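Here the structure is a predicted model, which is why all the values come from computation and not from measurement. All residue numbers in this chain count up from 1 along the given sequence.
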Amino acid sequence: MRRPGWPTRFWVALAVVIVKPISWLLVKKDWRRADRLPREGAMILATNHLSWLDPILIAHFLYNNGRWPVILAKAALFSVPGLGRAVRSLLAIPVYRGSADAIRSLEAAGKRITDEKACVMFYPEGTCTRDPDFWPMEGKTGVARLALQTGVPVIPMAHWGAQEILPYGQKRPRLLPRKTFRVLVGEPVDLSKYDGRSLQADVLRDATADIMAAITALLAELREEKAPAVPFKNPAGGPGKSTNG
C-alpha cells in the first residue's frame with residue numbers, strides 16, 4: 001500500500017536513508033517560506049535549474065515539508081540496471097527529449113496530478129541554465145500547458161547554492177568549504193487571465209513568461225541582486241514541449 005502521490009514505504013525509507021545524509025553533509029540550509037507549499041492536493045512546483053544536484057537537495061526540502069516530489073528524469077536512466085527500477089519505484093517520470101514522444105512526459109505528469117494529486121516538480125527551462133550569471137533562461141511551454149489544462153496551482157520556487165557544489169557539466173563536487181543551499185517558495189502564479197482561452201502559442205508563451213518571471217523574482221530576492229530585464233535565450237530552442245533536462 002502507498003499514499004497517493006507517494007512511493008511505497010520501502011522506497012520512501014530507502015530514499016530518505018540515502019538522500020538526507022548526503023544533503024546534510026553537503027550543505028548548510030537556508031530554507032524560506034515553506035509555509036507557502038500546499039500540504040495536500042495536486043500542485044506543480046516550478047523552479048530554476050542550476051546543477052545536477054538540484055533534484056537531491058530540493059527533494060530533501062520538499063520531503064521535510066510533507067511533500068513527495070514527482071521528478072521528471074531523463075528516459076535513459078530508466079534503462080540502467082538497478083537504477084532504472086529505483087527511479088521508477090520512486091515515481092519519477094521519464095523525459096523523452098528530441099522526439100515526438102516528448103509529449104508523453106506531460107501526459108504522464110498530468111495523470112499523476114489528476115489521479116493521485118501529486119506534487120510534480122518541473123524545471124521549465126528544460127535544462128540547467130546557460131546564463132553566465134546563473135539567472136533563469138526563457139522557459140518552455142510544457143509547464144504552462146499542463147497548468148492551464150488541469151487548473152492545478154503552479155507554485156514558483158527559487159534556489160541558490162547547488163551550482164557552487166557541482167557546476168553544470170562537472171563531475172567532481174567542491175565540498176569544502178561547506179556551501180549554503182538557499183530556497184525561497186513563492187505564492188501561486190496567477191494564471192487566471194488565461195482561463196477559458198484556447199491554448200494557442202501566444203497564450204502558452206505569455207503564461208510561461210509569467211511563471212518564469214515569478215521564479216526570477218524569487219531568485220533576485222534570494223541573491224539580493226537585480227535580475228536582467230530580458231531572460232537569456234534558451235539554447236535548447238526556446239519555448240516548446242520539453243519539460244526537464
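- Every pair passing side chain to side chain donor-acceptor pair (under 3.5 Å) that includes a residue from residues 213-230 is listed here, sequence neighbours excluded: R223-E225.
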Please report, to 0.1 Å, the donor-acceptor pairs under 3.5 Å made by any side chain of residues 162-172, with sequence neighbours excluded.
residue : atom : partner : partner atom : Å
Q163    : OE1  : G161    : N            : 3.0
Y168    : OH   : R130    : NH2          : 2.9

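- A chain of hydrophobic side-chain contacts below 4.5 Å, direct or via other Ile, Leu, Val, Met, Phe, Trp or Tyr residues, connects L53 to V16.
- Under the 4.5 Å side-chain heavy-atom criterion for Ile, Leu, Val, Met, Phe, Trp and Tyr, W52 and L90 are members of the same hydrophobic cluster.
- A209 meets the side-chain contact (heavy atoms from CB on, under 4.5 Å) test with no other residue; sequence neighbours excluded.
- For residues 187-209, no residue pair satisfies the ring pair (Phe, Tyr, Trp, His ring centres under 6.0 Å) rule, not counting sequence neighbours.
- Taking the side chain as every heavy atom from C-beta outward, R36 and E187 approach each other to under 4.5 Å.
- Between the CD atom of E107 and the CD1 atom of I93 there is a distance of 11.5 Å, given to the nearest 0.5 Å.
- The side-chain contact (heavy atoms from CB on, under 4.5 Å) test with I22 is passed by exactly one of L26, V19, L25: L26.
- Note on I56 and L175: same hydrophobic cluster, where clusters join Ile, Leu, Val, Met, Phe, Trp and Tyr whose side-chain heavy atoms are under 4.5 Å apart, directly or indirectly.
- For the pair M43 and L37, the tightest heavy-atom approach, listed with the atom from each and the gap, is CE-CD2, 3.8 Å.
- Using a 4.5 Å heavy-atom cutoff, the side chains of L57 and V27 are in contact.
- The aromatic ring centroids of W31 and H159 lie 6.0 Å or more from each other.
- With N64 contributing its side chain and F61 its backbone, the two residues share no donor-acceptor pair below 3.5 Å.
- Cation-pi contact between K29 and W24: present, with separation from the ring centre below 6.0 Å and deviation from the ring axis of at most 45°.
- Residues M212 and P136 are in side-chain contact: their nearest non-hydrogen atoms beyond the backbone lie under 4.5 Å apart.
- Residues M157 and I58 share a closest heavy-atom pair of CE-CG2, 3.7 Å.
- Proximity of a side-chain donor or acceptor of W68 to a complementary backbone N or O of A118 within less than 3.5 Å is not detected.
- At least one donor-acceptor pair closer than 3.5 Å links the side chain of K179 to the backbone N or O of R174.
- The shortest side-chain heavy-atom distance between L106 and Q149 does not fall under the 4.5 Å cut-off.
- Every residue meeting the salt bridge (charged side-chain N to carboxylate O under 4.0 Å, His left out) condition with D115, not counting sequence neighbours, appears here in chain and number order: K111.
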Would you tabulate the side-chain donor-acceptor contacts of residues 195-204 under 3.5 Å, counting partners in other chains and residues two or more places apart, or write 'none'?
residue : atom : partner : partner atom : Å
S198    : OG   : Q200    : NE2          : 2.8

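- A donor-acceptor pair under 3.5 Å is absent between the side-chain atoms of R104 and the main chain of P94, judged by distance alone.
- Counting heavy atoms from C-beta outward, D30 and V183 have side chains that stay 4.5 Å or more apart.
- R67 places a side-chain N or O within donor-acceptor distance of the main-chain N or O of P38, the cut-off being under 3.5 Å.
- With sequence neighbours left out, the side-chain contact (heavy atoms from CB on, under 4.5 Å) criterion links A147 to I44, V154, L191.
- Judged as a side-chain contact (heavy atoms from CB on, under 4.5 Å), and not counting sequence neighbours, the contacts of P55 are I71, Y123.
- Taken to the nearest 0.5 Å, the CG atom of N65 stands 10.5 Å off from the SG atom of C119.
- How far OG1 of T47 is from CG of L62: 9.0 Å, rounded to the nearest 0.5 Å.
- Within the 3.5 Å criterion, the main-chain N or O of W135 finds no donor-acceptor partner in the side chain of D133.
- Considering only residues two or more places apart in sequence or on other chains, S89 meets the side-chain contact (heavy atoms from CB on, under 4.5 Å) condition with W11, R85.
- Applying the side chain to side chain donor-acceptor pair (under 3.5 Å) test to T129 and every residue at least two apart in sequence or in another chain returns nothing.
- Distance check, rounded to the nearest 0.5 Å: CE of M121 to NE2 of H49 gives 8.0 Å.
- Rounding to the nearest 0.5 Å places OG of S23 at 13.5 Å from CD1 of I18.
- Between F78 and A73, the closest heavy-atom pair is CE1-O, 3.9 Å.
- With a 4.5 Å cut-off on side-chain heavy atoms, W160 and L219 count as touching.
- By the criterion of side-chain heavy atoms lying less than 4.5 angstrom apart, applied directly or through intervening Ile, Leu, Val, Met, Phe, Trp or Tyr residues, I215 is not grouped with L184; the two fall into different hydrophobic clusters.
- Between F122 and A109, the shortest heavy-atom distance links the atoms CZ-CB, 3.8 Å.
- The shortest non-hydrogen separation linking V185 to A34 is CG2-CA, 4.4 Å.
- The side-chain heavy atoms of N234 and E125, taken from C-beta on, include a pair separated by under 4.5 Å.
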- prompt: Can D210 and D190 be said to form a side-chain contact (heavy atoms from CB on, under 4.5 Å), step by step?
  reply: CA-CA 8 Å; D210 289 348; D190 183 5; over 6 Å; no
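- Between atom CZ of residue R145 and atom NZ of residue K140 there is a gap of 13.0 Å, rounded to the nearest 0.5 Å.
- Annotation: salt bridge (charged side-chain N to carboxylate O under 4.0 Å, His left out) contacts of K20 (sequence neighbours excluded): none.
- Residue pairs satisfying the ring pair (Phe, Tyr, Trp, His ring centres under 6.0 Å) criterion with at least one member in residues 212-233, sequence neighbours excluded, are absent.
- Residues T208 and A144 approach most closely at OG1-CB, 3.4 Å, considering heavy atoms.
- In this structure, I103 is a member of the same hydrophobic cluster as V95, with clusters built from ILVMFWY side-chain heavy atoms closer than 4.5 Å.
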